[in-house]
Number of protein chains: 2
Amino acid sequence: MKSRSEQLILELGKRIVLGEYIPGEILPKVEDLSEEYYVSRTVVREAYKGLSTLGLVRSNQRSGTVVLPRSEWQWWNIEIMTWLLEDPNNKDFILHLTEVRMGLEPIAAALAASKGTEQDRINIKEAFQKLEQSVGDEKAWIKADYDFHESILKASNNDLLIGTIRIMRKALTVSREKTLPLTNDNQEFSYDSPTKAALEKHRMIYEAIMSRDEETAKQKMMELILRVRTILQKIFN
Amino acid sequence: MKSRSEQLILELGKRIVLGEYIPGEILPKVEDLSEEYYVSRTVVREAYKGLSTLGLVRSNQRSGTVVLPRSEWQWWNIEIMTWLLEDPNNKDFILHLTEVRMGLEPIAAALAASKGTEQDRINIKEAFQKLEQSVGDEKAWIKADYDFHESILKASNNDLLIGTIRIMRKALTVSREKTLPLTNDNQEFSYDSPTKAALEKHRMIYEAIMSRDEETAKQKMMELILRVRTILQKIFN
DNA sequence: AATTATTTGTCCGTATGTATG
DNA sequence: CCATACATACGGACAAATAAT
């Protein structure tokens with residue numbers, strides 16, 4: 001169970017991100033919020049501290065707690081990212097995220113090819129074999145696909161990159177799970193479908209990494225993500 | 001003036017990031033820290049809430065406040081990033097950051113070429129002209145170089161990408177300012193030096209964006225950053 | 001399985017600090 | 001310089017969770 005201050009952070013943070021409170025606006029003072037939500041001032045204060053660490057608000061004595069401009073937000077926070085992806089008025093965000101992904105995932109593949117250790121390569125090999133065995137099986141494919149990309153990511157041996165891509169992928173997964181039931185076109189919307197053709201695209205990446213060909217690894221990974229981006233653009237525009 | 005809880009967040013956060021407290025370790029209980037730092041329990045509690053939002057710790061009833069593994073940290077927080085860059089035992093981080101940059105800045109250049117508005121292009125043009133006028137002037141070059149990259153970044157019209165690269169660049173600037181006085185080799189270490197040759201590299205990017213050639217823009221930007229990476233590797237290895 | 005001990009979580013009365021008008 | 005309005009800080013009390021016994 002989450003503490004009350006955490007619940008309040010979720011409540012207020014979501015409202016800010018979804019634009020219910022706009023940048024520059026003054027939030028209710030601690031005492032008023034405390035009454036409104038039937039919690040102590042302590043809880044409200046801790047919530048404001050959390051929101052302030054997320055870059056969503058800044059508290060000032062006398063003038064109160066103000067909503068900060070979007071440029072101050074901590075975009076790479078899993079909650080904030082999830083809220084942005086859920087926002088139906090903010091379809092741009094998923095495209096923006098995909099664009100960033102176009103930058104990062106190919107780099108991860110290139111680094112896996114150039115810096116991956118022997119153990120990393122063994123892991124990637126095993127993950128690819130699982131993927132081969134999952135053709136035709138939707139559920140198994142999704143997991144194997146996730147693990148395959150994860151094994152490449154780990155082989156980049158770059159903690160920052162690993163953390164960043166993980167958040168991105170987690171947020172996209174949550175968003176997909178919430179959005180999928182609403183669309184007819186599940187097959188096309190998912191990361192990629194469990195077909196023989198999709199497997200071959202993955203094989204290209206796999207073989208490039210194994211032969212330490214970073215340029216090809218980068219390029220083939222880019223092609224995979226470009227396909228997703230094209231699909232998303234079709235859906236949203 | 002910073003509030004006491006913020007001071008405490010800085011104090012404890014830095015210690016965690018620099019490895020003085022290691023993941024899994026239990027921090028002192030609220031009451032003890034309160035005595036140690038001569039602050040109220042309220043202040044300590046708010047500090048813990050802030051650190052918890054940064055992904056550095058998690059508080060549990062009865063078992064105390066524990067330092068979380070690196071995979072949970074909010075890497076894209078300006079304080080955390082600055083601490084990591086300052087850490088002399090963590091030379092890898094600046095290389096890792098440069099690798100991420102290799103992913104992001106070229107994408108920003110490509111998007112500027114493909115999606116930049118007329119106003120964006122005017123801004124980039126002006127920024128490049130300033131750069132041309134700064135050849136030979138170290139101080140002016142640094143500013144003009146920053147503004148040139150910033151104008152490209154803005155033209156990507158992707159808030160997420162803009163926010164992310166800004167944090168990265170801010171952290172690198174802080175790090176450079178703190179590290180530079182220690183090295184002899186200032187010229188080579190800086191982003192790039194104010195020479196005619198460096199200007200020509202920038203001109204390639206500029207012209208590619210102007211002619212909406214996203215492939216070339218991406219590639220030339222990548223070359224610029226690859227050079228920095230090579231220099232860093234020389235310095236640190 | 002029940003009890004206890006320990007630590008965070010919550011509440012609130014009070015006091016101080018600080019920027020604004 | 002004073003009054004005001006807000007955040008900030010203090011500390012005593014109790015509630016809730018959970019590890020240890």
Side-chain angles (χ1 to χ4, degrees), chain A residues 1-16 20-69 72-74 79, chain B residues 1-16 20-69 72-74 79:
Chain A
M1 189 49 189
K2 283 206 162 67
S3 69
R4 302 206 201 188
S5 54
E6 274 161 351
Q7 293 174 317
L8 199 49
I9 290 177
L10 257 54
E11 173 78 25
L12 296 173
K14 196 166 179 175
R15 287 204 188 164
I16 292 171
E20 204 168 320
Y21 292 116
I22 59 172
E25 197 172 347
I26 307 288
L27 293 180
K29 64 182 182 185
V30 173
E31 203 165 340
D32 289 353
L33 263 191
S34 152
E35 284 177 17
E36 185 177 345
Y37 286 96
Y38 304 102
V39 295
S40 68
R41 287 172 295 131
T42 311
V43 168
V44 176
R45 281 191 54 73
E46 286 178 9
Y48 273 177
K49 184 62 63 179
L51 291 171
S52 136
T53 309
L54 288 176
L56 296 178
V57 307
R58 180 183 325 291
S59 294
N60 301 298
Q61 286 179 173
R62 160 85 201 197
S63 46
T65 299
V66 61
V67 178
L68 293 179
E72 299 296 315
W73 296 0
Q74 298 265 287
E79 270 90 20
Chain B
M1 188 49 187
K2 283 204 163 63
S3 70
R4 300 204 202 190
S5 56
E6 274 162 351
Q7 291 174 308
L8 200 50
I9 289 176
L10 256 55
E11 173 79 24
L12 295 173
K14 196 166 180 174
R15 286 203 189 164
I16 293 170
E20 203 167 323
Y21 292 117
I22 60 173
E25 196 171 348
I26 307 287
L27 294 180
K29 64 182 181 187
V30 173
E31 202 167 340
D32 290 353
L33 265 190
S34 151
E35 284 176 17
E36 186 178 343
Y37 287 95
Y38 303 101
V39 294
S40 68
R41 287 173 296 123
T42 312
V43 167
V44 177
R45 283 192 53 74
E46 285 178 10
Y48 273 177
K49 183 61 64 179
L51 291 171
S52 138
T53 309
L54 288 176
L56 296 178
V57 306
R58 182 185 319 295
S59 294
N60 301 298
Q61 286 180 175
R62 162 83 205 204
S63 46
T65 299
V66 61
V67 178
L68 293 178
E72 298 296 313
W73 296 0
Q74 298 265 285
E79 268 92 20

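Chain letters run A, B, ... following the sequence lines, proteins first and then strands; every chain starts at 1.
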- Step-by-step side-chain contact (heavy atoms from CB on, under 4.5 Å) determination, A/L27 to A/L33: CA-CA 9 Å; A/L27 293 180; A/L33 263 191; 5.6 Å; no

- Item | Inter-residue atom distance A/Y37.OH - A/E35.CD, 0.5 Å rounding |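 It comes to 13.5 Å.
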
- Query: Distance from B/L68 atom CG to B/E25 atom CD, nearest 0.5 Å?
  - Reply: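 Here the rounded value is 12.5 Å.
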
- At under 4.0 Å between heavy atoms, what does B/R45 touch on the DNA or RNA strands: base, sugar-phosphate, or nothing?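 The answer is base, as B/R45 lies within the cut-off (heavy atoms under 4.0 Å) of a base atom.
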
- Item | Residues forming a side-chain hydrogen bond (donor to acceptor under 3.5 Å, both in side chains) with A/R45, sequence neighbours excluded |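 By the side-chain hydrogen bond (donor to acceptor under 3.5 Å, both in side chains) rule, A/R45 matches B/E46.
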
- For the helix from C/dA2-D/dT21 to C/dG21-D/dC2, what is the angle between the axes at its two ends, each from 5 pairs, rounded to 10°?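 For the helix from C/dA2-D/dT21 to C/dG21-D/dC2, the axes at opposite ends meet at about 10°.
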
- Could you list the residues that satisfy salt bridge (charged side-chain N to carboxylate O under 4.0 Å, His left out) with B/R15, not counting sequence neighbours?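 Expected list: B/E11, B/E20.
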
- Query: With B/K29, which residues qualify under salt bridge (charged side-chain N to carboxylate O under 4.0 Å, His left out), at least two apart?
  - Reply: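 Here no residue qualifies.
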
- Task: Identify, residue by residue, the members of residues 35-44 of chain A with a heavy atom below 4.0 Å from DNA chain C, and return them in order of residue number, or none.
- Result: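 DNA chain C contact set from residues 35-44 of chain A: A/Y38, A/V39, A/S40, A/R41, A/T42, A/V43.
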
- Message: Give the residues of residues 46-65 of chain A touching DNA chain C, defined as any heavy atom closer than 4.0 Å, sorted by residue number.
- Response: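 DNA chain C contact set from residues 46-65 of chain A: A/Q61, A/R62.
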
- Applying side-chain contact (heavy atoms from CB on, under 4.5 Å), run through B/Y48 and B/L8 and close with a yes or a no. CA-CA 9 Å; B/Y48 273 177; B/L8 200 50; over 6 Å; no

In whole Å, I'd like the distance from the [atom1] atom of [X] to the [atom2] atom of [N].
X: B/K29; N: C/dG9; atom1: NZ; atom2: P; value: 14 Å
X: B/D32; N: C/dT7; atom1: CG; atom2: P; value: 8 Å
X: A/E31; N: C/dC11; atom1: CD; atom2: C1'; value: 13 Å
X: B/R4; N: D/dA7; atom1: CZ; atom2: P; value: 18 Å
X: B/Q7; N: D/dT8; atom1: CD; atom2: P; value: 13 Å

- Item | Listed partners of B/P69 passing side-chain contact (heavy atoms from CB on, under 4.5 Å), at least two apart |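 Listed in chain order: B/S71, B/E72.
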
- Item | Closest heavy-atom pair and its distance - B/S5, B/A47 |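 Where B/S5 meets B/A47 most closely, the heavy atoms are O-CB, 3.8 Å.
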
In residues 52-63 of chain A, what donor-acceptor pairs under 3.5 Å come from side-chain atoms, sequence neighbours left out?
| unit_1 | atom_1 | unit_2 | atom_2 | d |
| --- | --- | --- | --- | --- |
| A/T53 | OG1 | A/K49 | O | 2.9 |
| A/S59 | OG | A/T65 | OG1 | 2.9 |

- Is any side-chain heavy atom of B/V39 closer than 4.5 Å to a side-chain heavy atom of B/V44?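 Counting from C-beta outward, B/V39 and B/V44 do come under 4.5 Å.
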
